[in-house]
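Take a look at the structure set out below.
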Amino acid sequence: MVSVTAPSAPASALTRGVGDAYDILQERGFLYQCSDEAGLRRALAAGPITFYGGFDPTADSLQIGNIVLAMAMAHLQRAGHRAIAVVGGGTTMIGDPTDKTDARRIMTREEIEANAQVIKGQLSRYLDFSAGRGLMVDNAEWLLNLNYIDFLRDYGRYFSVNEMVRAETYRARLETGLTFLEFNYMLLQAYDFLELFRRHGCVLQIGGSDQWSNILAGSQLIRRADGGQAFALTNVIVTDATGAKMGKTAGGLTVWLDPAKMAPYDFYQYWINVDDTLVAQYLALFTFLPMEEIRDLTAAGGAALRPAKERLAFEATALAHGREGAEKAQATARSVFGGATYGTTTDGGGGAGGDAPISALPAREIARSRLEAGISALDLLVEAGLADSRNAARRLIEGGGAYLHDARLENRTVTTADLQDGALLLRQGKKRYRRVMAV
RNA sequence: GGGUCGGUGGCAGAGCGGUCAAUUGCAUCAGACUGUAAAUCUGACGGGCUGACGCCCUACGGAGGUUCGAAUCCUUCCCGGCCCA
């Protein structure tokens with residue numbers, strides 16, 4: 001790995017300079033493709049550049065699949081480069097055909113804007129949006145006012161349909177059906193890049209490898225329309241052990257960053273339950289730990305990998321939910337799973353944040369009066385969110401997978417006599433806990 | 001617009017008049033084994049009721065129809081692929 005000498009790094013506590021950014025991304029396993037590695041290395045080394053990555057406001061929260069890009073951007077930014085996070089408020093109104101079986105649902109402006117706000121908040125945990133360091137823009141700003149005729153005349157000429165049809169992005173969709181609406185997505189994303197090039201001197205776009213053709217189209221448009229040079233870089237699409245895109249818990253839940261959609265405890269658990277073979281990769285991608293430390297942590301195999309997983313979970317949770325959230329989640333997890341400690345985290349003890357050791361467990365409430373009258377175990381499991389229906393709850397109990405206070409729960413009536421410290425501690429299977437508080 | 005093929009449970013994909021709540025694979029859930037891992041084995045896997053045998057309801061794109069009986073046949077509408085224009 002050849003290190004390119006950087007002239008000088010701008011202010012802030014940088015241990016490595018602007019020219020090291022490429023190496024950092026490479027050694028951490030982010031990179032998938034680059035349109036011109038030598039050229040990009042030169043550009044990076046020649047001083048801070050402006051780069052961008054896009055996020056689609058299709059949901060009211062980011063999920064961990066989006067973090068890979070955020071982390072890659074964060075590394076670039078930490079190396080001294082200027083980040084632009086583009087929220088695809090305009091493009092979302094079209095629908096990206098990439099890797100979708102069906103056309104995306106078209107959303108209203110209001111939904112999109114609300115989502116964009118949330119996403120910005122979440123991204124600021126990873127990226128610095130202070131003046132001069134980074135900014136966030138919504139491409140609706142320029143896309144919504146495009147005039148069709150003008151756009152065709154000024155830019156349509158630079159796009160070759162032959163080329164587009166050959167793009168991997170569209171090939172699959174050509175088999176199953178692709179509307180003209182979606183087909184235009186590439187043009188708009190390319191135009192975004194051009195617009196950012198003009199407005200902010202942005203010369204690099206980074207995105208998931210599924211965005212490769214779109215990003216390339218942008219850098220080509222910049223060359224054709226303005227004679228400028230811009231680079232395309234893609235990061236790996238991270239998969240889980242089964243080869244599927246990562247992002248679902250064991251319970252099939254999407255791993256959201258929004259604590260209201262997924263409790264930090266569950267977020268933490270997601271990382272703890274990661275497959276052995278992925279720990280090293282995930283540490284490199286989802287934490288800022290130095291590579292040497294990651295190698296040490298994961299040098300041993302087998303059960304010795306557990307401290308590494310705990311570290312991964314802690315660091316990733318701390319990034320998404322703050323240190324305190326991570327500490328609470330960790331303390332709760334340790335308490336609930338037998339209190340075994342595997343090494344220590346950065347603070348040497350994993351403080352509980354002053355709360356009860358299981359305080360971070362997802363909780364539900366139930367009226368005390370209903371417990372006094374007695375509630376069936378079936379209904380209790382359903383209301384706790386551990387079973388989708390009473391039939392499912394029945395099956396769970398029959399299968400021996402329902403527990404109350406760590407004792408197998410039979411199909412009986414649960415009353416206030418079962419309360420411990422004013423709550424019921426329910427468990428589904430080996431590790432899905434839920435507290436039900438009597439109120 | 002014409003021709004043709006097709007729309008089945010989370011996905012893939014059987015069924016092609018009764019024995020179909022619907023074969024099978026994947027995914028998922030539980031149990032055993034473990035390290036809150038993987039692999040493996042076992043069971044479950046539309047909803048409701050039941051201690052249980054079992055019973056009831058709703059489902060095979062939508063709406064009608066034929067029939068004792070339809071996911072299976074007919075009509076029509078909607079949606080999609082392919083070929084032609």
Side-chain angles (χ1 to χ4, degrees), chain A residues 97 99-103 105 170-182 239-254 265-283 297-298 300-314 316-317 329-343 350 357-358 360-362 376-379 381-382 384-404 406-413 425-434:
Chain A
D99 195 35
K100 298 285 188 304
T101 314
D102 299 302
R105 185 177 73 89
Y170 292 119
R171 201 176 304 161
R173 291 301 302 270
L174 284 173
E175 304 292 316
T176 56
L178 172 70
T179 66
F180 186 65
L181 184 79
E182 297 166 85
T239 54
D240 61 24
T242 63
K245 267 190 184 179
M246 69 182 299
K248 299 284 186 190
T249 63
L253 305 169
T254 301
Y265 168 81
D266 285 329
F267 187 86
Y268 178 93
Q269 283 297 303
Y270 173 80
W271 299 103
I272 285 288
N273 287 310
V274 148
D275 189 281
D276 281 11
T277 56
L278 300 169
V279 181
Q281 185 197 10
Y282 283 12
L283 277 165
L297 273 168
T298 55
L305 219 41
R306 303 226 60 252
K309 289 187 182 182
E310 202 174 45
R311 194 65 195 280
L312 168 66
F314 184 85
T317 307
Q330 185 170 69
T332 298
R334 284 177 172 171
S335 157
V336 140
F337 289 102
T341 52
Y342 304 93
I358 60 168
L361 287 184
S376 79
L378 262 35
D379 289 326
L381 286 167
V382 171
L386 294 176
D388 289 334
S389 67
R390 302 184 82 238
N391 263 352
R394 205 187 308 273
R395 279 183 230 116
L396 184 65
I397 288 174
E398 281 169 5
Y403 299 81
L404 174 60
D406 286 326
R408 215 160 242 181
L409 176 63
E410 299 304 324
N411 190 358
R412 64 179 174 84
T413 300
L425 181 62
L426 288 166
R427 191 172 98 221
Q428 171 202 11
K430 272 172 269 188
K431 44 192 175 187
R432 198 159 166 225
Y433 283 90
R434 186 121 328 171

Practice item. With the side chain counted from C-beta on, respond yes when A/Q428 and A/R434 share a heavy-atom pair under 4.5 Å apart, and no when they do not. Key: no
**Study point:** Note, A/D276 side chain near A/K309 side chain (heavy atom, < 4.5 Å)
**Key:** yes
Review point. In dot-bracket, 5' to 3', how would RNA chain B read with Watson-Crick or G-U wobble pairs under 3.5 Å, [ ] for crossing ones and | for pairs to another strand?
Key: ((((((((.[[[..)..(.....]]].(((((.......))))).((((....))))...[[[[[..)....]]]]]))))))).
Point to revise | First of A/A402 and A/G301 reached from the 5' end of RNA chain B, by closest nucleotide | key: A/A402
Check your understanding: If we take the P atom in both B/G10 and B/A85, what is their distance in whole Å?
Key -> 40 Å
Check your understanding: Given the C1' atoms of B/G46 and B/C60, what is the spacing between them in whole Å?
Key -> 12 Å
Practice item. Would you name the heavy atoms of A/T239 and A/Y282 that are closest together and state the gap between them? Key: O-OH, 3.0 Å
Point to revise | Interatomic distance at P, B/C56 relative to B/U72, whole Å | key: 22 Å
With the criterion being N/O to N/O and under 3.5 Å, what pairs connect the protein with nucleotides 44-47 of chain B, and how long is each?
unit_1: B/G47; atom_1: OP1; unit_2: A/S389; atom_2: OG; d: 3.4
unit_1: B/G47; atom_1: OP2; unit_2: A/R395; atom_2: NH2; d: 2.9

Study note, to complete from the structure: A/K431 NZ to B/U28 P, in whole Å, measures 12 Å
Exercise for review: Please measure how far the P atom in B/U36 lies from the corresponding atom in B/U50, and state the result in whole Å.
Suggested key: 37 Å
Review point. When you compare B/C83 with B/A44, how far apart are their P atoms, in angstrom units rounded to a whole number?
Key: 46 Å
Study note, to complete from the structure: Of the candidates B/A37, B/G31, B/G35, the side chain of A/R408 sits closest to B/G31
Point to revise | A/D388, CG atom: more than 12 neighbouring heavy atoms under 6.0 Å | key: no
Check your understanding: Of the candidate nucleotides B/U34, B/A52, B/A37, which contains the atom at the shortest distance from the side chain of A/E398?
Key -> B/A52
Practice item. Let me know the distance between CG of A/D266 and P of B/U36, rounded to the nearest Å. Key: 18 Å
Practice item. Rounded off to whole Å, could you give me the CD1-to-C1' distance for the A/I272 and B/U34 pair? Key: 16 Å
Review point. On a whole-Å scale, what distance lies between the C1' atoms belonging to B/A14 and B/A71?
Key: 12 Å
Check your understanding: Is there a side-chain contact between A/L297 and A/L305 (heavy atoms, below 4.5 Å)?
Key -> no
Review point. On a whole-Å scale, what distance lies between the C1' atoms belonging to B/G18 and B/U66?
Key: 16 Å
Study note, to complete from the structure: In whole angstroms, the gap separating P of B/U36 from OH of A/Y268 amounts to 13 Å
Review point. With respect to the phosphate group of B/U36, does any side-chain polar atom (N or O) of A/Y265 fall under 4.0 Å of OP1 or OP2?
Key: no
Exercise for review: In whole angstrom, give me the gap between the C1' atoms of B/G25 and B/U4.
Suggested key: 30 Å
Review point. A/R306 has an atom CZ; how far is it from atom P of B/G35, in whole Å?
Key: 10 Å
Review point. If you check every side-chain atom of A/Q428, which of B/C33, B/A37, B/A30 has the closest atom?
Key: B/A30
**Study point:** Whichever of A/Q269 and A/N411 has its nearest RNA chain B nucleotide further upstream toward 5'
**Key:** A/Q269
